[in-house]
Amino acid sequence: MTLAKRKAPKKREISSAALLAWYDRHKRKLPWRAENGVRPDPYHVWLSEIMLQQTTVKAVGPYYARFLDRWPTVADLAAVRLEEVLKLWAGLGYYARARNLHACARVIVEEHAGIFPESEAKLLKLPGIGAYTAAAVAAIAFDHKATPVDGNIERVVSRLFAIEEPLPASKPLIRERAATLTPDQRAGDFAQAMMDLGATICTPKKPACALCPWSEPCIARERGDQETFPRKTAKAEGKLRRGAAFVVMREDGALLARTRPDKGLLAGMTEVPTTDWAHDFDIHDASAHAPIEAKWHRVAGAVNHVFTHFPLELIVYRTQAPKTVRAPKGMRWIAMQEIDGEAFPNVMRKVIAHAMS
DNA sequence: TAATCGTGGAA
DNA sequence: TTTCCAAGATT
């Protein structure tokens with residue numbers, strides 16, 4: 001390629017320089033981003049990337065600030081108990097991320113002397129770090145030439161090349177095309193530029209193509225059906241599950257609770273006692289699962305919650321217990337002032353709020 | 001490969 | 001109101 005050609009790329013070429021120029025003007029200001037030309041702290045990059053998995057920037061903001069405030073370094077995070085991490089993560093969802101975050105911090109400290117490895121391959125071996133996050137940290141924190149592919153980039157690339165094959169089957173092809181676009185220099189900025197483009201211009205609905213630095217070479221744009229990309233195969237929706245939850249309020253305001261198993265849904269999180277959540281739940285044998293003998297009051301209405309793969313409806317029973325009542329085996333009392341900071345997932349906070357209504 | 005795994009906000 | 005989906009990883 002001649003020098004002249006490099007300086008003045010054809011408009012129909014997908015030029016990384018054009019995107020980087022756009023990024024330099026329009027990039028979002030985010031808490032985990034360092035100032036121009038400054039390498040961000042790998043710990044900050046990693047923490048933000050884990051939190052941002054399947055989670056909006058807006059939702060992550062306050063959690064990121066609280067984590068960094070409480071645990072300024074990866075060593076600080078590694079030093080605390082998992083329970084403390086789950087408490088601070090409560091409400092953010094996908095709790096396996098918190099467990100893996102903590103496990104990863106310990107591996108970094110114990111096996112890497114507290115220093116994040118720089119290569120994509122080494123990062124990939126760490127708990128909770130998959131193909132996307134390994135590439136993202138390598139590129140953003142260390143400026144290695146790596147190509148993370150998230151939902152934004154899948155959408156951008158699908159439109160640029162008008163990829164007809166539906167997701168997720170098209171992932172390998174998209175990854176291949178994305179890698180082709182990645183420049184040797186500023187790979188981290190390029191990755192973030194792709195994501196910013198997807199988040200602010202190349203949006204799922206009503207993309208602002210008029211403002212896009214890649215409008216000219218975009219094949220879908222040329223065809224006019226850009227909004228139909230990426231193609232996707234329909235996924236089956238989950239069936240409703242039902243159950244009953246039991247809220248026992250002690251006279252002093254303490255709440256009866258237990259810890260969920262360390263695997264599966266809401267693993268390791270705190271919950272009030274409940275029946276199983278089943279498709280064939282029968283309200284008539286709910287009381288048989290009550291944690292203590294008491295005069296139970298059925299709270300009117302129900303709590304509805306939607307998980308990724310199924311909707312849930314919980315009816316709620318409430319009772320008051322005297323101070324003398326002991327917690328049944330496997331359960332414990334949580335003092336009233338501890339409830340807010342406890343590792344209750346949001347579905348449980350809904351149950352508790354409903355019981356108080 | 002296909003399920004599993006949370007939540008809340010935007011359209 | 002319903003639908004979609006947001007910087008995915010794990011099994």
Which residues in residues 149-174 of chain A have a heavy atom closer than 4.0 Å to any atom of DNA chain C? A/D150, A/G151, A/N152, A/R155

Would you give me the side-chain donor-acceptor pairs under 3.5 Å for residues 189-206 of chain A, sequence neighbours excluded?
{"residue": "A/D189", "atom": "OD2", "partner": "A/R186", "partner atom": "NE", "Å": "3.0"}
{"residue": "A/D189", "atom": "OD2", "partner": "A/R186", "partner atom": "NH2", "Å": "2.9"}
{"residue": "A/Q192", "atom": "OE1", "partner": "A/R33", "partner atom": "NE", "Å": "3.0"}
{"residue": "A/Q192", "atom": "NE2", "partner": "A/G188", "partner atom": "O", "Å": "3.4"}
{"residue": "A/D196", "atom": "OD1", "partner": "A/R28", "partner atom": "NE", "Å": "2.9"}
{"residue": "A/D196", "atom": "OD1", "partner": "A/R28", "partner atom": "NH2", "Å": "2.7"}
{"residue": "A/D196", "atom": "OD1", "partner": "A/R33", "partner atom": "NH2", "Å": "2.8"}
{"residue": "A/D196", "atom": "OD2", "partner": "A/R28", "partner atom": "N", "Å": "2.9"}
{"residue": "A/D196", "atom": "OD2", "partner": "A/R33", "partner atom": "NH1", "Å": "3.0"}
{"residue": "A/T200", "atom": "OG1", "partner": "A/D196", "partner atom": "O", "Å": "2.8"}
{"residue": "A/T203", "atom": "OG1", "partner": "A/K205", "partner atom": "O", "Å": "2.9"}

For A/W22, side-chain hydrogen bond (donor to acceptor under 3.5 Å, both in side chains) partners two or more places apart: none

At the 4.0 Å heavy-atom cut-off to chain A, mark where contacts on DNA chain C begin and end, going 5' to 3'. C/dC5 to C/dT10

Quick check on DNA chain C: between A/E237 and A/L52, whose nearest nucleotide comes earlier from the 5' end? A/E237

Under 4.0 Å, heavy atoms only, any strand: does A/L30 hit a base, just the sugar-phosphate, or nothing? base

Nearest-Å distance for atom pair CG/C1', residues A/L86 and B/dG6: 14 Å

Show me the donor-acceptor pairs, under 3.5 Å and distance only, between side chains in residues 34-43 of chain A and residues at least two apart or in other chains.
{"residue": "A/N36", "atom": "OD1", "partner": "A/K27", "partner atom": "NZ", "Å": "2.5"}
{"residue": "A/R39", "atom": "NH2", "partner": "A/F142", "partner atom": "O", "Å": "3.4"}
{"residue": "A/D41", "atom": "OD1", "partner": "A/Y43", "partner atom": "N", "Å": "2.8"}
{"residue": "A/Y43", "atom": "OH", "partner": "A/W71", "partner atom": "O", "Å": "2.7"}

Set of residues satisfying side-chain hydrogen bond (donor to acceptor under 3.5 Å, both in side chains) with respect to A/S287, sequence neighbours excluded: none

Could you tell me how far C/dA7 sits from B/dA11 if I compare only their P atoms? Round to whole Å. 14 Å

Mind checking if A/A267 touches a base, just sugar-phosphate, or nothing, with heavy atoms under 4.0 Å? nothing

More than 12 heavy atoms of other residues, nucleotides or ligands under 6.0 Å from NE2 of A/H284: yes or no? no

Tested for salt bridge (charged side-chain N to carboxylate O under 4.0 Å, His left out) against A/E164, the lone hit among A/R223, A/R159, A/K232 is A/R223

Checking all strands, does A/W32 fall into the base, sugar-phosphate, or nothing category for heavy-atom contacts under 4.0 angstrom? base

Does this structure show an ion pair linking A/K323 with A/E251, if we count only N-O contacts that are shorter than 4.0 Å? no

Please classify the nucleic acid contact of A/S48 as base, sugar-phosphate, or nothing, using heavy-atom distances under 4.0 Å. nothing

Quick one: hydrophobic cluster around A/V306, which other residues, with the 4.5 Å side-chain cut-off, linked directly or via members? none

Is it possible for you to check whether A/R231 lies under 6.0 Å from the centre of the six-membered ring of A/F229, through NZ or CZ, and within 45° of that ring's axis? yes

Could you give the CD1-to-C1' distance, from A/I50 to B/dC5, as a whole number of Å? 15 Å

Hey, is the side chain of A/H309 poking within less than 4.0 Å of OP1 or OP2 on B/dC5, counting only N and O atoms? yes

Close approaches to DNA chain B from residues 193-203 of chain A, in residue order (heavy atom, under 4.0 Å): none

Hydrophobic cluster mates of A/V325, side-chain heavy atoms under 4.5 angstrom, ILVMFWY only, any path? A/F246, A/V248, A/L256, A/F281, A/I283, A/I292, A/W296, A/I315, A/Y317, A/M331, A/W333

Show the distances under 3.5 angstrom between N or O atoms of the protein and N or O atoms of nucleotides 7-11 of chain B.
{"residue": "B/dT7", "atom": "OP1", "partner": "A/Y95", "partner atom": "OH", "Å": "3.0"}
{"residue": "B/dT7", "atom": "OP1", "partner": "A/N346", "partner atom": "N", "Å": "2.6"}
{"residue": "B/dT7", "atom": "OP2", "partner": "A/H305", "partner atom": "NE2", "Å": "2.5"}
{"residue": "B/dT7", "atom": "O3'", "partner": "A/N346", "partner atom": "ND2", "Å": "2.7"}
{"residue": "B/dG8", "atom": "OP1", "partner": "A/N346", "partner atom": "ND2", "Å": "2.1"}

Short side-chain donor-acceptor distance under 3.5 Å, A/H144 and A/E118: yes

Going by distance alone, is a donor N or O of one side chain under 3.5 Å from an acceptor N or O of the other, for A/Y132 and A/Q53? no

Which residues share a salt bridge (Lys or Arg N to Asp or Glu O under 4.0 Å) with A/K350, sequence neighbours left out: none

Using a heavy-atom cut-off of under 4.0 Å over every strand shown, decide if A/P148 touches base, sugar-phosphate, or nothing. nothing

With a cut-off of 3.5 Å and sequence neighbours excluded, list every side-chain donor-acceptor pair involving residues 87-94 of chain A.
{"residue": "A/W89", "atom": "NE1", "partner": "A/G93", "partner atom": "O", "Å": "2.9"}
{"residue": "A/Y94", "atom": "OH", "partner": "A/T308", "partner atom": "OG1", "Å": "3.2"}

Sticking with atom C1', work out how far C/dT11 lies from B/dT1, rounded to a whole angstrom. 11 Å

